[in-house]
Amino acid sequence: MSGRRVDRLTSILRRRGIVLPSFEIYGGVSGLIDYGPVGAHILRRVMDKWIDHWTSHGDIVEIDSPTITPEPILVASGHVSEFNDLMAECGGCGSAFRADHLADGRHEDPDSLDADAINAILDAGVKCPTCSESKWSDVRMMNLMFSTRIGAMKGARVAYMRPETAQGMFMLYPVLFRHFRQRLPFGAIQTGKGYRNEISPRQGMIRLREFNMAELEYFIDPEEPPCPDLSAWGESVSFVPDPDGSHPGMHAMTFSEALSSGIVRHPTVAWFLARTWDFLIGVGIDSTRIRFRQHAGTEMAHYADDCWDCELHGEYGWVECVGIANRTCHDLLSHEQHSGSKLLRGWRQYPEPRTEIKDVLAPIGAVIGPVFKDEAGAVMDALKELSEIPDSTPFTLSLADASSVEITNEMVTRRAEEVTVHGEWFTPHVIEPAFGIDRIIWHILDHGFTETEKEGGEYSIMSLDQTVAPFDIAILPLFDKDGMGDIARQMWASVNSMPGVRGEIDSSKSIGRRYARVDEIGVPWAITVDHTTLEDGTVTVRRRDDQEQIRASVDEVLSRLASGEVSSLF
RNA sequence: GCGGGCAUGGUCUAGUGGUUAUGACAGCAGGUUCCCAACCUGCUAACCCGGGUUCAACUCCCGGUGUCCGCACCA
């Protein structure tokens with residue numbers, strides 16, 4: 001066997017129509033891929049399984065929103081300002097660099113500078129690392145979002161292809177809050193395409209410009225975070241905590257231990273780490289090649305308070321495939337501020353209504369009005385907003401527009417008010433597990449790709465979990481004559497009539513070659529119709545992973561297949 | 001985005017300034033065999049794109065695109 005394993009795997013993916021470059025007859029486009037007839041079904045099953053995994057919780061529902069997103073949403077989320085880099089080009093040799101990196105050492109925090117400030121620093125004599133010249137172009141923004149316009153001509157609005165599906169869930173928060181009858185916690189999931197105009201996509205399906213995302217936003221009351229029981233997860237898992245924190249290094253422990261030791265800081269986050277583990281195991285990821293890595297403070301995304309990556313190990317090393325972030329109240333609060341909506345809150349009911357006696361300064365409109373005239377409204381508002389009541393008058397009151405006025409004794413009456421408060425509004429926090437589906441599928445294929453030898457020849461088996469295999473079963477007539485082909489076709493029709501079950505039929509070439517073909521794309525079971533079938537209605541059932549075979553009646557095989565229990569025949 | 005390597009049927013590849021452009025595997029048709037890629041016969045099918053040099057370019061040159069390696073980047 002020659003060459004690299006990754007090349008042999010990629011070659012199979014192309015040859016068998018699993019995953020391949022898009023638009024190839026026009027030369028291809030870097031960072032865009034197609035799922036072919038075999039791969040698309042794997043993708044569909046992984047997606048379906050993901051949706052089922054979360055919606056089975058009961059307090060999580062699926063939504064679906066547009067990929068085209070008007071600019072203001074992404075301004076509020078921070079993507080327009082944060083999701084880009086200033087780039088500078090050398091006039092001497094044409095090399096391009098991140099401008100803030102060029103300014104390193106000439107400013108304590110180059111990342112915070114705007115374009116003009118960086119231009120000034122560069123022109124002050126920064127030399128090109130490549131050619132040592134100092135002729136810089138003006139720095140320009142490279143935003144990693146694909147921009148577009150909604151509508152035509154002058155009326156068009158600026159928009160972007162969404163860089164994440166999450167914003168759709170935030171936009172629907174009021175609907176979700178109503179759907180769940182105003183009780184936290186609850187969650188929403190969305191699957192679909194996300195877009196990033198990567199500077200340099202590499203590594204096949206790992207860095208894509210258009211990719212399949214699957215995200216969950218779980219809204220919680222930060223004062224009462226859900227603390228599910230983690231004792232059900234007994235396995236030892238690899239954790240790589242923040243290297244700058246108090247637990248550097250690699251730790252193997254249970255989810256429960258990771259939480260109690262303080263490595264995972266938030267109980268709800270710990271629970272999502274465990275549920276993420278369940279999903280990955282369920283789609284056939286090798287448990288020994290999963291680890292959870294905590295982001296260091298310096299690499300935290302602009303919105304995240306605490307962040308874990310679930311990394312999978314494969315041909316490209318450890319690759320981030322799931323990000324689990326505590327986004328706190330960042331998104332909902334920012335959307336509240338930018339949109340003015342008051343609907344992005346949760347209600348926290350007190351166990352007992354609280355009766356509070358509050359000192360209040362009640363403004364006397366009859367005095368304030370004539371004194372302040374146009375400003376009177378602002379003064380009244382400012383008085384109502386006062387959090388601390390001054391002990392005496394007169395005092396200076398700051399208005400919303402930053403001016404201030406003097407309030408004298410005649411303008412207000414001081415009195416104690418009794419108010420009964422039943423609860424309070426707050427901005428929910430959100431825990432977000434975000435899955436990169438294409439990366440997960442790559443690792444499913446990578447972990448499943450098994451190269452062995454058979455009678456001295458090279459032989460490859462794709463050991464996929466049967467729930468994500470492109471076909472559930474292959475039906476192979478030993479010969480396409482004497483009625484064997486007819487029986488096979490009848491069985492094929494029966495199989496395909498089962499909900500969610502798909503079969504493949506193949507009658508060409510030798511039986512060994514047909515086994516090889518279905519092994520290569522990961523079909524877990526093969527049944528062979530032979531002469532004995534004609535006599536007693538039994539077929540052989542072959543197990544892909546060890547090529548064991550047993551004999552069973554057609555009816556038995558079909559009923560086991562319908563219930564997903566073919567393995568119980570062995 | 002930078003630098004370097006590479007680009008030939010579905011896959012992996014040989015090769016040349018003028019060829020009918022290798023071979024293997026896969027695929028298709030027929031024959032034979034039949035529970036693990038057997039064999040025989042036949043067939044299908046390729047020089048990344050655009051310019052240039054030349055009588056003639058798949059081959060040489062330039063540009064683009066893709067891909068790989070390194071650097072940079074990476075919610």
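Just so we're clear, the structure is a prediction, and the values are computed from it rather than from any experiment.
Side-chain polar atoms of A/D309 and A/H295 form a donor-acceptor pair below 3.5 angstrom. Judged by distance alone, the side chains of A/H79 and A/Q167 never bring a donor and an acceptor atom under 3.5 Å apart. Counting only N and O atoms by type, the side chains of A/D536 and A/T538 include a donor and acceptor under 3.5 Å apart.
Annotation: cation-pi pair A/R293/A/W318 absent, no NZ/CZ under 6.0 Å from the ring centroid and within 45° of its normal.
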remark   = Counting primed atoms, P, OP1 and OP2 as sugar-phosphate and everything else as base, the B/S/- map of nucleotides 64-71 of chain B against protein heavy atoms under 4.0 Å is -SSSSBBB
request  = Treat primed atoms plus P, OP1 and OP2 as sugar-phosphate and everything else as base, then score nucleotides 23-34 of chain B 5' to 3': B for base contact with protein heavy atoms under 4.0 Å, S for sugar-phosphate contact only, - for none.
outcome  = ---SS------B
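Of the P atoms belonging to B/G51 and B/C58, the separation is 12 Å, rounded to the nearest Å. Of the P atoms belonging to B/C62 and B/C25, the separation is 39 Å, rounded to the nearest Å. Only the P atoms considered, B/U67 is 14 Å distant from B/U8, to the nearest whole Å.
Across every strand in view, B/G70 sits in a pair with B/C2 that passes the Watson-Crick or G-U test at under 3.5 angstrom.
Between the side chain of A/S11 and the base of B/C12 there is no donor-acceptor pair of N/O atoms closer than 3.5 Å. Applying the 3.5 Å distance criterion, the base of B/C35 shares a donor-acceptor pair with the side chain of A/Q549.
Between A/R207 and B/C74, a side-chain N or O to OP1/OP2 separation shorter than 4.0 Å is absent.
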